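It should be emphasised that the depicted structure is a prediction, and the values quoted were computed from it without experimental measurement. Atoms within a ligand are numbered from 1 in the order they appear, just like the ligands themselves.
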Amino acid sequence: MYPDSHSSSGATANWLLSRIDTPPVVGIVCGSGLGGLADTLKDPVAFHYQDIPNFPQSTVQGHAGRLVFGTLKGKPCVCMQGRFHLYEGYPIQKITLPMRIFKLMGVETVILTNAAGGLNQDYKVGDIMIVKDHINMPGFAGNNPLVGPNDERFGTRFPCMLDAYDRKLQQLAQDLGAELGFSDFIREGVYCVLGGPSFETIAECRMLHRLGADAVGMSTAHEAIVARHCGMRVFALSLITNQAVMDYHSEERPSHEEVLETGRQRAEQLERLVSTMVGRMEIN
Ligand code: 6GU
C-alpha cells in the first residue's frame with residue numbers, strides 16, 4: 001500500500017553526486033513563477049527531472065522541471081526549478097523525495113518558496129510573507145508524507161514540529177529585508193496547505209482565516225515536514241500573488257495567470273532576499 005518511493009533516494013543522491021564537483025549545503029525550492037533564482041547560480045550544472053533516476057516530472061506551467069547546482073554568494077547550492085504537488089497525482093512520499101535527496105547530498109538548510117493567496121486582510125498582492133508556522137490540512141486526513149514505515153536512518157517516528165521554521169533564519173530575513181528596503185511589503189504569518197487543484201470556495205477561505213491561517217497554497221508544508229524529520233533547517237517564503245476572496249459580493253477571481261504575473265513582478269526582490277540570506281547565513 002505504501003510506495004517505497006523514499007527508499008530510492010540514496011541511489012538518486014549518488015547518481016547526482018557523481019556528476020557534480022561540490023556537494024550543496026543549501027537546497028532551494030522555487031515556487032510558481034519564482035524559478036529565476038536558479039538562473040542566477042554561478043557555474044551551473046543542470047539536470048532535467050526526466051533525466052534523473054526516480055525523480056517525478058513537473059507537470060505545471062511555470063515550473064521548468066530542472067535541478068540546478070551552482071554557487072550563490074559563494075555557497076554551494078542546489079535549486080529545484082519547479083516542484084511537485086499533491087494535485088499532480090503523485091503519492092505524497094514521491095512529492096517530498098527531493099528533500100531526502102537533498103539531505104543525502106549534504107544539504108543542511110532548505111529554503112522553500114511558494115505563491116500563495118492572502119487570507120490576512122492586511123496583506124496586499126505582492127507582499128512577501130515569512131512563514132512562521134503551517135497548518136497541514138491534508139495531514140488531518142492522513143495525507144502526511146511520513147505515513148508508512150518509518151526509516152530510522154532519516155529520523156524518528158514522531159518528529160516534533162514546534163520549531164518547524166527556523167527562528168534565527170526568520171529574524172535574518174527580517175533584518176536583511178529591512179536593509180534591502182523591503183520592510184513595507186515583508187510580513188510574517190501562518191501558511192495553510194490544501195490539496196488543490198481547485199482554488200478555495202468563499203466559505204473555505206473564511207474558515208481558514210478564522211482558523212488562524214494568513215496565506216493559503218498547495219505546497220511547502222509537506223516538504224518542510226520531511227526536511228525537519230531528517231534534521232535540516234527550514235526557512236520558507238510565500239509570495240502573496242492574489243487575495244483570497246472572502247465576500248460573496250466580490251467580483252475578483254483567482255487565476256494561475258495572475259499568480260504567475262505577480263511572481264514576475266516581485267520575483268526579482270524575492271530572489272535578492274533569498275540570495276542575500278544565503279550569503280549571510282552561517283553554515284556549519
Ligand atoms: Cl488563492 N489558493 C491556493 N490554494 N493556492 C494559491 C492561491 C490561492 N494563490 C496562489 N496559490
Side-chain angles (χ1 to χ4, degrees), residues 29-37 58-64 80-90 92 95-96 111-141 143-145 185-225 236-267 269-271:
V29 181
C30 304
S32 290
L34 300 169
L37 190 66
S58 239
T59 67
V60 193
Q61 199 200 338
H63 287 253
M80 284 181 74
Q81 216 171 19
R83 61 145 64 82
F84 311 109
H85 308 80
L86 264 180
Y87 62 76
E88 291 173 85
Y90 295 114
I92 196 163
I95 291 167
T96 52
I111 300 179
L112 306 169
T113 67
N114 63 58
L119 294 164
N120 185 317
Q121 296 301 288
D122 296 336
Y123 288 5
K124 294 188 198 60
V125 168
D127 282 352
I128 293 174
M129 183 184 89
I130 297 167
V131 177
K132 70 171 180 198
D133 206 348
H134 72 222
I135 299 174
N136 175 25
M137 277 287 177
F140 291 2
N143 216 346
N144 182 301
F185 56 88
I186 291 198
R187 317 281 183 169
E188 59 172 40
V190 174
Y191 176 87
C192 179
V193 60
L194 301 183
S198 50
F199 287 115
E200 302 68 43
T201 64
I202 292 169
E204 285 165 349
C205 287
R206 289 181 169 194
M207 180 191 89
L208 298 175
H209 182 236
R210 292 178 74 154
L211 290 179
D214 296 298
V216 57
M218 306 176 193
S219 68
T220 302
H222 26 271
E223 293 154 343
I225 290 168
L237 289 176
S238 293
L239 176 62
I240 306 299
T241 52
N242 53 283
Q243 266 299 348
V245 175
M246 307 260 220
D247 172 358
Y248 286 99
H249 301 294
S250 169
E251 296 293 326
E252 276 177 62
R253 295 290 174 262
S255 75
H256 191 55
E257 288 65 39
E258 184 187 16
V259 169
L260 294 179
E261 179 53 31
T262 309
R264 276 190 282 277
Q265 288 173 10
R266 266 285 189 248
Q269 280 138 319
L270 192 134
E271 285 162 26

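Side-chain atoms of Gln121 come within 3.5 Å of backbone N or O of Leu119 as a donor-acceptor pair.
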What are the atom names and distances for all N or O pairs under 3.5 Å between ligand 1 and the protein?
unit_1   : atom_1 : unit_2 : atom_2 : d
ligand 1 : 2 (N)  : Glu200 : OE1    : 2.8
ligand 1 : 2 (N)  : Glu200 : OE2    : 3.2
ligand 1 : 4 (N)  : Glu200 : OE2    : 2.4
ligand 1 : 9 (N)  : Gly117 : N      : 3.3
ligand 1 : 9 (N)  : Asn242 : OD1    : 2.8
ligand 1 : 11 (N) : Ala115 : O      : 3.3

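Scanning for side chain to side chain contact (heavy atoms under 4.5 Å, CB included) contacts around Ser198 gives an empty result, with sequence neighbours left out.
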Please list, one pair per line, the donor and acceptor atoms closer than 3.5 Å that link side chains of residues 240-247 to other protein atoms, with sequence neighbours excluded.
unit_1 : atom_1 : unit_2 : atom_2 : d
Thr241 : OG1    : Ala116 : O      : 3.4
Gln243 : NE2    : Tyr123 : O      : 2.4
Asp247 : OD1    : His249 : N      : 2.8

Anything under 3.5 Å between a donor and an acceptor, one on a side chain of residues 186-193, the other on a protein residue two or more places apart or in another chain? List them.
unit_1 : atom_1 : unit_2 : atom_2 : d
Arg187 : NE     : Asp127 : OD2    : 2.9
Arg187 : NH2    : Asp122 : O      : 3.4
Arg187 : NH2    : Asp127 : OD2    : 3.3
Glu188 : OE1    : Gln174 : NE2    : 3.4
Tyr191 : OH     : Met218 : N      : 3.1
Tyr191 : OH     : Ser219 : N      : 3.0
Tyr191 : OH     : Ser219 : O      : 3.2

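Distance check, rounded to the nearest 0.5 Å: SG of Cys30 to CG of Leu112 gives 10.5 Å.
Between His85 and Glu88, the shortest heavy-atom contact is N-OE2, 2.7 Å.
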